[in-house]
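Structure record follows, encoded as structure tokens.
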Amino acid sequence: MKQVKLARITCGLGFLLMLGTAAASDAGNLSICAAAGLLLTGLGMMLVGGFLGGLFHEE
């Protein structure tokens, strides 16, 4: 139960990282390389959190 909750929080934080990166990129505060790196990191967090949280498992 604790692992699932932590995984879902990780998934949510990945989404927030991607949202913040998009906003900072639109404001012109990030280069394209920095934005791409942060977006890939956020996507990885979402995938790992979703997989460990049971998002991709059919029950």
Side-chain angles (χ1 to χ4, degrees):
M1 180 68 181
K2 211 173 211 184
Q3 181 184 6
V4 171
K5 188 173 183 180
L6 182 64
R8 290 181 182 171
I9 289 172
T10 303
C11 187
L13 288 176
F15 175 74
L16 288 177
L17 177 64
M18 292 177 70
L19 191 65
T21 301
S25 177
D26 287 345
N29 294 332
L30 287 176
S31 68
I32 190 72
C33 293
L38 286 170
L39 287 172
L40 287 174
T41 302
L43 181 64
M45 287 173 67
M46 286 184 67
L47 288 174
V48 168
F51 181 73
L52 293 177
L55 185 63
F56 302 119
H57 298 279
E58 291 186 27
E59 293 182 16

Output side-chain donor-acceptor pairs under 3.5 Å for residues 25-47, partner residues at least two apart or in another chain, one line each.
unit_1: Ser31; atom_1: OG; unit_2: Ala34; atom_2: N; d: 3.3
unit_1: Thr41; atom_1: OG1; unit_2: Gly37; atom_2: O; d: 2.8

Exercise for the section: Please round to the nearest 0.5 Å and tell me the distance separating atom CG of Leu13 and atom CZ of Arg8. Expected result: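 These two atoms lie 14.5 Å from each other.
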Handout entry: Cluster link Phe51 to Phe15, ILVMFWY, side chain under 4.5 Å
Key =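 Hydrophobic grouping puts Phe51 with Phe15.
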Exercise for the section: Please answer: with hydrophobic residues joined when any side-chain heavy atoms are less than 4.5 Å apart, are Met18 and Val48 in the same cluster? Expected result: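 In one cluster: yes.
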Exercise for the section: Identify the heavy atoms of Gly53 and Ala7 that sit nearest to each other, and give their distance. Expected result: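 Smallest interatomic distance, heavy atoms only, reads N-CB, 3.5 Å.
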